[in-house]
K.L.:
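Submitted below is the structure of interest, expressed as structure tokens.
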Amino acid sequence: LLNRSSDLNRNKKYRYWVSCFYSVNGVGSVGGWAFDFDSEMNSSQLKVFKEKQIKNLKNQFKTTDVEFEIIDFKRLKD
């Protein structure tokens with residue numbers, strides 16, 4: 001029973017609203033989406049998130065002409 005709280009914390013998700021600018025083939029747009037993370041946001045997690053989004057856009061649009069920048073992020077209430 002002592003490990004039960006740590007098991008619950010391990011499965012906890014942190015939901016953030018992420019506002020970003022992205023460009024595909026020179027056409028830019030601004031958007032925002034809710035994303036779930038396994039821990040509270042930090043700079044290394046933001047870097048990994050950005051790299052993942054760039055990879056996703058390249059795959060989705062079959063191009064290497066992709067830009068992605070995080071404008072802001074805010075933790076949403078549980």
Side-chain angles (χ1 to χ4, degrees):
L1 289 176
L2 292 177
N3 290 334
R4 187 175 179 120
S5 64
S6 63
D7 289 342
L8 292 173
N9 288 339
R10 193 175 319 136
N11 294 329
K12 183 174 181 170
K13 296 291 183 188
Y14 298 83
R15 180 160 278 210
Y16 285 86
W17 183 263
V18 182
S19 301
C20 45
F21 167 82
Y22 63 97
S23 173
V24 177
N25 294 324
V27 178
S29 187
V30 175
W33 298 271
F35 292 95
D36 291 326
F37 295 89
D38 292 330
S39 66
E40 291 192 52
M41 189 63 70
N42 59 48
S43 59
S44 62
Q45 193 162 349
L46 277 175
K47 181 180 177 184
V48 169
F49 174 77
K50 178 181 174 180
E51 291 169 356
K52 184 176 179 181
Q53 295 309 310
I54 290 170
K55 182 179 178 183
N56 290 343
L57 288 168
K58 286 179 178 181
N59 289 337
Q60 181 179 351
F61 294 99
K62 309 287 189 247
T63 184
T64 58
D65 186 6
V66 168
E67 294 179 52
F68 184 90
E69 295 297 331
I70 297 168
I71 298 171
D72 192 23
F73 63 92
K74 179 179 181 179
R75 182 161 177 204
L76 301 175
K77 292 184 179 184
D78 295 336

K.L.:
On a heavy-atom basis, which atom in Asp38 and which in Gln45 lie closest, and how many Å separate them?
P.N.:
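Reported closest heavy-atom pair: N-NE2, 4.2 Å.
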K.L.:
I need the Tyr16 OH to Leu46 CG distance, nearest 0.5 Å.
P.N.:
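With rounding to 0.5 Å, OH (Tyr16) is 9.0 Å from CG (Leu46).
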K.L.:
Determine, using ring centers only, whether Phe21 and Phe68 are less than 6.0 Å apart.
P.N.:
no
K.L.:
For Met41, does its backbone N or O pair with a side-chain atom of Tyr14 as donor and acceptor, under 3.5 Å?
P.N.:
no
K.L.:
Measure the shortest side-chain to side-chain distance between Tyr22 and Val66 over non-hydrogen atoms and say whether it is less than 4.5 angstrom.
P.N.:
no
K.L.:
Does Glu69 CD have over 12 foreign heavy atoms under 6.0 Å away?
P.N.:
no
K.L.:
Provide the closest heavy-atom pair for Lys58 versus Thr64 in the form atom of the first, atom of the second, distance.
P.N.:
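For Lys58 and Thr64, the tightest heavy-atom pair comes out as CE-O, 3.9 Å.
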K.L.:
Do any pairs count as a side-chain hydrogen bond (donor to acceptor under 3.5 Å, both in side chains) and have a residue in residues 23-34, sequence neighbours left out, and if so which ones?
P.N.:
Asn25-Thr63
K.L.:
Would you please indicate if the ring centroids of Phe73 and Phe35 are separated by under 6.0 Å?
P.N.:
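So the answer is no for these two rings.
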K.L.:
Between Leu57 and Glu67, which heavy-atom pair has the shortest distance, and what is it?
P.N.:
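Smallest interatomic distance, heavy atoms only, reads CD1-O, 4.4 Å.
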K.L.:
Which residue, Lys12, Arg15, Lys13, forms the salt bridge (Lys or Arg N to Asp or Glu O under 4.0 Å) with Asp36?
P.N.:
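Answer after filtering Lys12, Arg15, Lys13: Arg15.
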K.L.:
For Ile70 versus Cys20, what's the shortest heavy-atom pair and its separation?
P.N.:
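Result for this residue pair: CA-CB, 4.2 Å.
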